[in-house]
A.B. asks: 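Once you've had a glance at the structure underneath, I'll fire off some questions.
Residues: numbered from 1 along the sequence shown. Both counts, for ligands and for their atoms, begin at 1 and track the order of listing. The structure presented is a predicted model; accordingly, all values stated were derived computationally and were not measured.
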Amino acid sequence: MIVAAAREELESARKALPGRVAVVMTMGALHEGHAELIHQARAQADSVIVTIFVNPLQFGAGEDLDRYPRTLDADLAICEAGGAEVVFTPTPDVVYPREALVRVSAGSLGNVFEGASRPGHFDGVLTVVLKLLHLTRPDIAFFGQKDAQQLAAIRRMVSDLDVPVTVVAVPTVRDPDGLALSSRNRYLTAEERRAALVLSRALATQDVSAGRALFDAEPGVHLDYLERLDSATFEAARDGDLIVVAATVGSTRLIDNLPLKDS
Ligand code: PAF
């Protein structure tokens, strides 16, 4: 496995990769959910590139950029075990050699739900995703269903900007008790982790009113939204194909979602 920190190292490693190339983009702090993305990439492509980059552009003022977990050695072990050929681990000055004056806009998808709470977040995500697609030149890119709005914005960017890549969504990986895996789960105390189960329990009701009622019994959890919507546009829709939830547990903001198969 080649670990490339510089653009030139990535470029020469990329040139040597045979066949259909997959990319899995991450911000590190890898867990079983990322391992599943790498596993799917491995199964569906000839070569796998993983990127590990905590993207400053997608963090707002007061968010957790500085305390975002950085666990490079453990991350590389997961990449190696998953069979990745190349891991790109740039620093911010490699990805942004100068100020990113021009950015990709997520348009209306960037202003609702997660975008309403995190202004500019999806513009930052799309900007780095497009840059990493240019740098890694994959045929196929894997993203987690867990970040459903990010997935919708990336799909829309790829379509609207004619980016030559196939986007594949990988189902959310959960702990046995239902908690969706997230790098931010490690911020939770034992009591907060227990309380956080209300997110998956609320989704399991498949009913927005019943789900919201469950949050009343968890005073330590602040519900931001629980809505049914169209998974492509993120417009609220009573017959939408996705239920999304976001809540703050202690000081940790968590999101989750449930695709509705029969809608
Ligand atoms: O999902 C993430 O980890 C990040 O938003 C991504 C796609 C790697 C872009 O920084």
A.B. asks: Looking only at protein heavy atoms, which one is nearest to atom 3 (O) of ligand 1, and how far off is it?
C.D. replies: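 Scanning the protein heavy atoms, the shortest distance from atom 3 (O) of ligand 1 goes to M27 CG, 3.6 Å.
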
A.B. asks: Does P18 offer a backbone N or O that forms a donor-acceptor pair with the side chain of S47 under 3.5 Å?
C.D. replies: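 Between the backbone of P18 and the side chain of S47 there is a qualifying donor-acceptor contact (under 3.5 Å).
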
A.B. asks: Out of V170, V173, N257, which residue meets the side chain to side chain contact (heavy atoms under 4.5 Å, CB included) rule with Q145?
C.D. replies: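 Going through V170, V173, N257 one by one, the side chain to side chain contact (heavy atoms under 4.5 Å, CB included) with Q145 is satisfied by N257 alone.
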
A.B. asks: Looking at residues at least two apart in the chain, or sitting in another chain, which of them share a side chain to side chain contact (heavy atoms under 4.5 Å, CB included) with D177?
C.D. replies: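 Partners of D177 under the side chain to side chain contact (heavy atoms under 4.5 Å, CB included) test: D175, L179, R193, L197.
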
A.B. asks: Can you list the atoms of ligand 1 that are under 4.0 Å from a heavy atom of M25?
C.D. replies: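 Every atom of ligand 1 under 4.0 Å from some heavy atom of M25: 8 (C).
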
A.B. asks: When you measure from the centre of the six-membered ring of F215, is the NZ or CZ of R201 under 6.0 Å away and within 45° of the axis?
C.D. replies: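 No, R201 and F215 do not form such a contact.
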
A.B. asks: Quick check on contacts: which atoms of ligand 1 are under 4.0 angstrom from a heavy atom of V128?
C.D. replies: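 By the 4.0 Å cutoff, the relevant atoms are 9 (C), 10 (O).
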
A.B. asks: Which protein heavy atom lies closest to atom 10 (O) of ligand 1, and at what distance to 0.1 Å?
C.D. replies: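 Residue, atom and distance for the closest contact: Q58 OE1, 2.6 Å.
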
A.B. asks: So which of Q150, H34, K131 gets nearest to atom 2 (C) of ligand 1, if we judge by its closest heavy atom?
C.D. replies: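 Among Q150, H34, K131, the closest heavy atom to atom 2 (C) of ligand 1 belongs to Q150.
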
A.B. asks: Side chain, backbone, both or neither: which applies to T26 and ligand 1 if a contact is any heavy-atom pair less than 4.0 Å apart?
C.D. replies: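 Only the backbone of T26 comes within reach of ligand 1.
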
A.B. asks: Tell me, which pairs form a ring pair (Phe, Tyr, Trp, His ring centres under 6.0 Å) where one or both residues lie in residues 118-145, sequence neighbours left out?
C.D. replies: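 Sorted pair list comes back empty.
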
